[in-house]
Amino acid sequence: MKNWKFGIAGGVAVLGSMLAVSHAFAADPIKIGVVLPTSGGLASYGLTMIDGVKLAVQEINDAGGINGRQLEYVARDSQTNPNVASAAAKELISKEGVKAIIGAVSSGVTLAVSEVAKQEKVVLFAPAARAKSITGEKLHKYVFQGIKTTDDEARDLANILKDQGAKKVCMTGYDYAYTTDLFEAMKSELGNIPITGEFLVKLGTNDFSTLISQLQANECDAVLGALFSGGFVAFAKQAKPFGFFESKKVVWAASVASTEVTTQLKQDYPEGMWAGAFDFWYYDGSEAHKKFQDGIAKIEGTKETGMYALNGYRAMYFIAEAMKKAGSDDPDAVVAALEGLTIETPLGPVTMDAKTHRVDAAEFYGPVVTVAGSDVKRMSPINLVK
Amino acid sequence: MATRGQTIFLILLFVALALVPLAGERYPLELAVQLMIFGLFAMSLNVLIGHVGSISFGHAAFFAIGGYACAYFQTRLGWPIFVSMPAAIGLTAVCALIIGYFCVRLTELYFAILTLAFSMLVWAVAFKWTEVTGGGDGFVGITAPDFMSNPVLFFWFTFAIVAVSVGLLWLLSNSTMGKTFIAIRENPTRADFLGVNVRRMRLIAFVIAGAFAGIAGALLSFYVRGMFPESAFWTQSGQVMIMVLLGGMHSFVGPILGAVVIYVLETFISQYTQYWPIVLGTILLLIVMFAPDGLIGMFRSIGRRMSMRGRRNA
């Protein structure tokens, strides 16, 4: 009799604890890791992307979460260092239990995190690294690239140069994987247009006086530039007094038409220079774009938001939609759901190619010009190029 | 030279590390592996700074050479680990011998600047020699033995290598050679008069330091399954220098302590603030101003004061 009572009590206890465990499991949020630079030279990119991630998480949770579970992001600073980023990714996986990671910014760091994702079998969504090797020679099941690669960017830039009637092109940029990949692709995209020189400077260089003289002395009539962020800002300021931007047709890669750059340069931004960007706060697009911009403006406390927010936002939505579709956060199921997945974004539908793991996202290209009522130049007209 | 207290501390440290797998959790294992690698890296630099008194600003060069060499031998040449790792360490030692041959001809600031110049040369080679090193993208996707996929086995592998390395460094520290190094640090002129070939001894220390940094680099390359030019950059040399300074450059265990404190602080503080570099700078400032002998020196001083107070009260 006694044993029988103990049996019942034990059964109830086991059942109770199982229910408690299952209840706790159902309530557990789904954690998504974010490995982006929040310190150092690329911090502004990482912090803006995290704003996008934050907005996406808020919207998804307000709409009921994923399959009844709330979404949570856990961010770590990559310090734009592959070793630090790898350690951070391992910590997110082993301690926080994340099944998907959004990261990183530079190609070397992204490849390092990609290797961790491959070993640990978790999803990696690269929101801002363009190097084609990420989903080219280093492609594996768990890695996805969320922006155009250097091949796609080269095609867009070559078309612009051709439209402008470039006859001879010289190119400049940092001695860095992104630049060498881009220039390699440019060579085939430019076809019969000869490349008369490639001028590479060390990453982090801020004195461009020699480079400006070399470019001006070159026989090219068009220049393709690929210096980015603060490097482009310094170059533009130093080249302006030499009349560099008036002496040749200048087209710039690396998305330097962004608000982040135009705000820094203000009236020093080369008038009419063609460049690209992922997004603009002043783009008069769809209702979805307006809603997205309002959300980011609220987080950042300014309506003049950074373009990288869109990358983080899109990355989080891709992962969330894939988890919804898969009905679980299991990485293998999420990978299967991501392949061929189309999501609605503030700039229209974007599809993740099932084979290449690359998106067909659109980017803006156009001349950056002075606009009435603002000391910051803007792109006008704006062309959204798929 | 390792004192009795430091040796006991070291033994207790490794006993504590050996208990980490018993926790049954993954993250402590990961953290312990990282701490062991950077602890060994810092100890290797201390052979130069703490033993012979030569301050190197370019020690990361050997860390990177060890990592790249191991990655290349293992992945491109398909050598087994028991061949690739010793070969990588050997190659690092040869590179240290060549670089050291030029560096030890100079002393003090000139020595430091020359080591920095050589390390930046190594960085440039790593960055530009894409066919071998992977260039700016790094050497990604090292072919590692299957057992390394198991975090517990990888922990024991690292533990064994680091324990043997620290044991060898302990033997060196307590050997006649170790004492000769300290004699050079304290007074190179007097050591010279006593018949010590100072330049040769400094070169030997340089090669030993380089080889142990190479071991740490090889372990890191297996851990992150890659090697990147950032590992040879001057900032990496700066970070390990701060580890040694924080722990205490004239003590045997100081660098391990410094590595643990800096690495753990960096890992956890950077989760809450983007201003980790400011914290690191403040730590460096405080060490230089208030604890020039590092944490070990500070503990010694506190211990001395307490015992003096105890004696006075008695």
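Here is the naming used below: chain letters follow the sequence lines, and residue numbers restart at 1 for every chain.
- Neither the backbone nor the side chain of A:Val74 comes within contact range of chain B; no heavy atom of the residue lies under 4.5 Å from a heavy atom of that chain.
- Heavy atoms of B:Leu31 lying under 4.5 Å from chain A are absent altogether.
- Contacts of residues 115-122 of chain B with chain A at a heavy-atom distance below 4.5 Å are absent; not one residue qualifies.
- Chain A forms the most heavy-atom pairs under 4.5 Å with one residue out of B:Pro151, B:Gly141, B:Pro229, B:Gly136, and that residue is B:Gly141.
- Proximity to chain B is absent for every atom of A:Ile134, based on heavy atoms less than 4.5 angstrom apart.
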Between chain B and chain A, which N and O donor-acceptor pairs fall under 3.5 Å? A table would be great.
| unit_1 | atom_1 | unit_2 | atom_2 | d |
| --- | --- | --- | --- | --- |
| B:Arg26 | NH1 | A:Glu120 | OE1 | 3.2 |
| B:Arg26 | NH2 | A:Glu120 | OE1 | 3.2 |
| B:Arg26 | NH2 | A:Glu120 | OE2 | 2.6 |
| B:Lys128 | NZ | A:Asp175 | OD1 | 3.2 |
| B:Lys128 | NZ | A:Asp175 | OD2 | 2.6 |
| B:Asp137 | OD1 | A:Ser107 | OG | 2.9 |
| B:Asp137 | OD2 | A:Ser133 | OG | 3.4 |
| B:Val140 | O | A:Lys138 | NZ | 3.0 |
| B:Tyr223 | O | A:Lys90 | NZ | 3.0 |
| B:Arg225 | NH1 | A:Gln119 | OE1 | 2.8 |
| B:Ser231 | OG | A:Asn83 | ND2 | 2.7 |
| B:Glu266 | OE2 | A:Gln79 | NE2 | 2.9 |
| B:Gln271 | OE1 | A:Arg76 | NH2 | 3.4 |

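- Residue with the most contacts toward chain A among B:Val140, B:Ile142, B:Val224, B:Val33: B:Val140 (heavy-atom pairs, distance under 4.5 Å).
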